[in-house]
Each structure stands twice: as structure tokens, then as C-alpha cells.
Amino acid sequence: MAQSVGIKDVARVAGVSVGTVSNVINRPDTVAAETRARVLSAIDRLGYVRSESARQLRAGRSRIMGLLVLDMGNPFFVDVARGAERAAREAGLGVMVCNSAQSPGEEAEYLSLFAEQRVRGVLLTPADATGRNIEAFRRHGIPFVLVDRVAEGTTECSVSVDDVAGGALAVRHLVDAGHRSLAYVSGPPGLNQVRDRRTGALNALAEAGLGPDRLRELPTERLDVAAGRDAGARLLGLSDRPTAVFCANDLLALGVLQAMYAAGVGVPDDLAIVGYDDIEFAAAAAVPLTSVRQPAVTMGALAAELLLEETEGEAAAGPHEHRRVVLRPELVVRRSSLAAR
């Protein structure tokens with residue numbers, strides 16, 4: 001295994017002190033041109049790369065923020081990461097993106113990694129509904145911002161979308177189209193987003209004078225296309241199949257759409273489908289998917305900006321005040337829900 005080249009090796013080859021090499025790297029204007037050229041030549045010959053992590057530890061200030069999301073296979077979280085990365089880059093920082101895969105155990109491991117790496121701060125979409133991972137991480141004193149989630153009992157900054165309003169938008173649209181028997185493909189019940197979207201759906205039914213029995217819930221263990229196909233198969237097996245389905249995200253909705261297509265069930269004539277997130281694939285589906293749009297890129301950028309505000313304490317005009325930013329969802333109507341009843 002090749003040994004790494006250190007600053008002492010550069011100093012030895014250039015015939016100067018370690019302090020002179022450090023000055024060439026960090027304060028080149030303080031070093032004579034001839035000496036500077038000799039040191040730079042040694043750096044080039046040896047292939048020396050300075051240890052950014054060591055420099056950050058000495059300075060006590062990392063140039064990396066962590067981002068921990070539920071599922072990087074979901075384009076929604078890819079867009080969140082794009083927004084966060086853009087805001088971080090403008091501030092001269094990088095982003096370490098990690099995927100909890102909706103697992104509280106993996107979430108805990110990544111939060112420990114962030115603490116070990118002494119990141120500037122963390123953007124977090126929690127997988128652990130109990131809040132224990134957040135409590136354990138809070139002891140490290142590293143600032144964090146919740147993304148796509150407001151955790152009850154916490155005071156930290158958060159950026160989320162009003163999922164109750166979003167669920168109401170989806171079901172109100174279906175009820176207005178004449179549907180009176182609906183299903184909700186909901187995903188893991190421990191996720192706040194899943195519960196809030198269900199609450200909004202029930203609110204819309206109540207507004208129309210319809211009881212909660214008009215919404216049949218089909219929970220899934222994951223929020224992906226395969227889970228949607230499984231839910232679609234369960235829908236097909238119902239003797240009193242609903243005429244419309246609202247899905248907790250677009251990946252589930254695309255899976256339901258695939259199951260209906262494979263079974264010869266017409267969408268939207270036999271079953272109307274509404275998803276959530278409005279990922280890029282929603283508009284490109286075989287039957288373009290009606291969806292509740294979340295401003296994912298904006299969400300990621302705002303979360304990163306809040307974290308930067310909190311971690312730029314020396315330059316701030318006053319103490320940081322935690323804020324909860326709640327964005328409004330938007331219904332995007334496409335062909336998957338447009339059949340007349």
C-alpha cells in the first residue's frame with residue numbers, strides 16, 4: 001500500500017522548515033518567491049494533497065454539512081439534495097449525503113458518523129418516529145435542521161410542507177370528480193408525513209359530508225414502486241374495489257399504475273390515481289400522473305440556509321432564532337384522475 005505524503009516530506013525535499021511549507025500553502029504572500037517556487041515544485045513532484053479534515057479540526061470549523069434522507073432512490077429526495085447542495089456551494093461548503101433507507105438503525109449510525117466527522121451541521125429527515133436518535137444526536141451540540149418534517153417537542157429549525165393540506169387537496173379533487181369510494185396507499189404508518197396526508201384526506205371527506213369509512217387504508221412497509229405494485233395487487237383482490245386511490249407518494253402511485261396496467265384495468269376510467277411529490281417521472285408515466293407537488297429543491301435550499309444562519313454565529317447580528325418554515329403544496333392535475341364519473 002502506498003504511503004501518503006505529508007507536509008514533513010515536502011519540507012525535507014524542498015530543504016525548508018515545516019512552517020515554511022505551511023506558509024506557502026496558507027499564506028503564500030509571506031514567503032519569498034524563490035522559496036515559494038521550490039516548495040511548490042516539491043509539492044508537485046511528491047503529489048502532496050493537504051489534509052482538509054486535519055485543517056478543519058485545528059480550526060474547529062468544518063466546511064461540510066451532512067444531509068440524511070429517507071430514500072435516495074426517491075427523486076423527491078434527490079431534488080431536496082440538489083437544493084441543499086446549491087445553497088451550501090454558494091457559501092463555500094460541501095454536502096455529505098447519506099441514505100437511512102427508512103431504517104432507524106442506519107439513521108443512528110449515520111448520525112454517529114456525522115458527529116465523528118464534526119460536520120458543520122446536519123439536515124435531517126428522521127426515520128425514527130420515537131425521536132430517540134434525535135435526542136442522542138443533540139448531545140453532541142451539532143446544529144441540525146429537520147427537512148420535510150416537524151418533530152413535536154423539538155425547538156430546532158425545520159422546513160416542511162403542509163401535508164394535511166396536501167392530503168386534502170388530493171381527496172377533495174377526487175370527491176369533486178364524483179368518487180365516493182376511495183383507498184389510501186399509505187406507506188409506513190410511523191412516518192408523520194404518512195399520517196398527516198391521511199388526516200388531510202379524512203378532512204376532505206368530512207367537508208363533503210362523507211364518513212371515514214369511505215377511505216380504505218392500505219399500508220405498505222416502504223414508499224417505493226415495488227410496494228405500490230403490491231398494494232395494487234391487494235386493490236385488485238377486493239370485491240368492492242374503490243373507484244379512486246390516493247397514494248402517499250408518487251413511487252407508490254406509479255407501482256399501483258403498473259399493477260392496473262398489467263391487469264388490464266383502465267386508468268382513469270376504472271380507477272383514478274393521485275400521487276404525492278410530483279417527481280419528474282409523474283408527468284412522464286404511461287398515464288400522466290396527477291400529483292400533489294412539493295417544492296423539493298426550495299425545501300432543501302431553505303433548510304441549508306437556516307443551518308448556515310445558525311452556524312455563522314460570529315458574523316450574525318444577534319443570536320440565532322429557530323424557525324419553522326411551512327410551505328404550501330399544489331395540486332397538479334393530469335390524466336390519471338380525469339375520467340368523468
Side-chain angles (χ1 to χ4, degrees), residues 64-91 93-104 106-108 110-111 113-115 119-131 133-135 137-138 140 142-166 187-188 190-197 223 248-251 276-279 292-311 320 322-329:
I64 298 295
M65 66 171 64
L67 171 62
L68 182 55
V69 299
L70 291 176
D71 181 10
M72 280 305 293
N74 185 338
F76 167 76
F77 288 110
V78 174
D79 286 344
V80 169
R82 282 175 48 216
E85 191 273 337
R86 183 178 66 196
R89 187 175 64 246
E90 290 174 356
L93 304 181
V95 178
M96 181 192 300
V97 182
C98 298
N99 175 28
S100 70
Q102 303 174 40
S103 164
E106 292 190 33
E107 175 182 83
Y110 279 124
L111 289 174
L113 174 64
F114 289 152
V119 296
R120 175 77 63 95
V122 174
L123 309 179
L124 170 64
T125 303
D128 178 21
T130 69
N133 287 343
I134 288 178
E135 285 302 315
F137 184 70
R138 189 180 280 114
H140 296 289
I142 298 174
F144 63 90
V145 174
L146 299 176
V147 185
D148 192 33
R149 168 82 179 274
V150 175
E152 297 302 324
T154 66
T155 59
E156 282 77 14
C157 288
S158 64
V159 181
S160 61
V161 166
D162 188 340
D163 283 318
V164 174
L191 295 179
N192 278 11
Q193 298 93 323
V194 166
R195 294 198 300 268
D196 286 350
R197 292 166 198 178
L223 289 162
N249 76 358
D250 285 341
L251 297 182
Y276 205 104
D277 291 340
D278 195 35
I279 62 176
V292 178
R293 175 179 293 164
Q294 297 198 83
V297 174
T298 299
M299 191 182 300
L302 285 174
E305 289 166 7
L306 287 175
L307 187 60
L308 289 167
E309 286 180 15
E310 184 171 358
T311 57
H320 174 77
H322 290 309
R323 287 186 285 151
R324 290 187 174 186
V325 178
V326 180
L327 304 174
R328 298 294 297 179

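No hydrogens, no waters, no symmetry mates; every other heavy atom, side chains included, goes into these values.
Using modelled atom types, no side-chain atom of D277 and backbone atom of I279 make a donor-acceptor pair closer than 3.5 Å. Judged by distance alone, the side chain of R149 and the main-chain N or O of N192 form no donor-acceptor pair under 3.5 Å. Under the 3.5 Å distance criterion, the side-chain polar atoms of D196 are left unmatched by any main-chain donor or acceptor of V164.
Annotation: the span from L124 atom CG to D148 atom CG amounts to 11.0 Å, rounded to 0.5 Å. Remark: L111 CG to H140 NE2 distance equals 8.0 Å, nearest 0.5 Å. Atoms CG and OG, from L302 and S158 in turn, are 11.0 Å apart once rounded to the nearest 0.5 Å. Remark: L146 CG to L123 CG distance equals 9.5 Å, nearest 0.5 Å. A distance of 7.0 Å separates OG in S160 from CE in M299, rounded to the nearest 0.5 Å. The OG atom of S103 lies 10.5 Å from the CG atom of L70; values are rounded to the nearest 0.5 Å.
The minimum heavy-atom distance linking I142 with A115 is given by the pair CD1-CA, 3.7 Å. Residues N133 and A108 share a closest heavy-atom pair of OD1-CB, 3.5 Å. Heavy-atom minimum distance, G190 versus A129: O-CB, 3.3 Å. Contact record, G121 with L307: C-CD2, 3.5 Å, taken as the closest heavy-atom pair. Here the closest heavy-atom approach between residue P126 and residue I134 is recorded as CG-CD1, 4.0 Å. Heavy atoms only, all atoms of each residue included: A88 and V95 are closest at CB-CG2, 3.6 Å.
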Could you pull out all donor-acceptor pairs under 3.5 Å where a side-chain atom in residues 75-87 meets a protein atom, sequence neighbours excluded?
{"from": "D79", "atom 1": "OD1", "to": "R82", "atom 2": "NH1", "distance (Å)": "2.8"}
{"from": "E85", "atom 1": "OE1", "to": "R89", "atom 2": "NH1", "distance (Å)": "2.5"}
{"from": "E85", "atom 1": "OE2", "to": "R89", "atom 2": "NH1", "distance (Å)": "2.7"}

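Scanning for side-chain hydrogen bond (donor to acceptor under 3.5 Å, both in side chains) contacts around D163 gives R197, Y276, with sequence neighbours left out. Scanning for side-chain contact (heavy atoms from CB on, under 4.5 Å) contacts around H322 gives T155, C157, E310, H320, with sequence neighbours left out. In this view, R328 and D162 satisfy the side-chain hydrogen bond (donor to acceptor under 3.5 Å, both in side chains) rule, not counting sequence neighbours. Applying the side-chain hydrogen bond (donor to acceptor under 3.5 Å, both in side chains) rule to N74 yields no partners; only residues at least two apart in sequence or on another chain are considered. Remark: D278 pairs with R293, R334 by the side-chain hydrogen bond (donor to acceptor under 3.5 Å, both in side chains) rule, at least two apart or across chains.
E156 pairs in a salt bridge (charged side-chain N to carboxylate O under 4.0 Å, His left out) with only one of the listed residues (R323, R138, R324), which is R138.
Sorted pairs that involve residues 93-102 and meet side chain to side chain donor-acceptor pair (under 3.5 Å), not counting sequence neighbours, are lacking altogether. Pairs engaging residues 122-131 under the salt bridge (Lys or Arg N to Asp or Glu O under 4.0 Å) rule: none recorded [sequence neighbours left out].
The side-chain heavy atoms of I64 and R120, taken from C-beta on, include no pair separated by under 4.5 Å. At a threshold of 4.5 Å between non-hydrogen side-chain atoms, the residues V122 and M65 do not count as touching. Taking 4.5 Å as the limit, every side-chain heavy atom of M96 sits out of range of all side-chain heavy atoms of L67. Inter-residue side-chain proximity for E107 and T125 is flagged as unmet; no heavy-atom pair is nearer than 4.5 Å. A heavy-atom distance below 4.5 Å is found between the side chains of F114 and L68. Under the 4.5 Å side-chain criterion, counting only non-hydrogen atoms from C-beta, L327 is in contact with V159.
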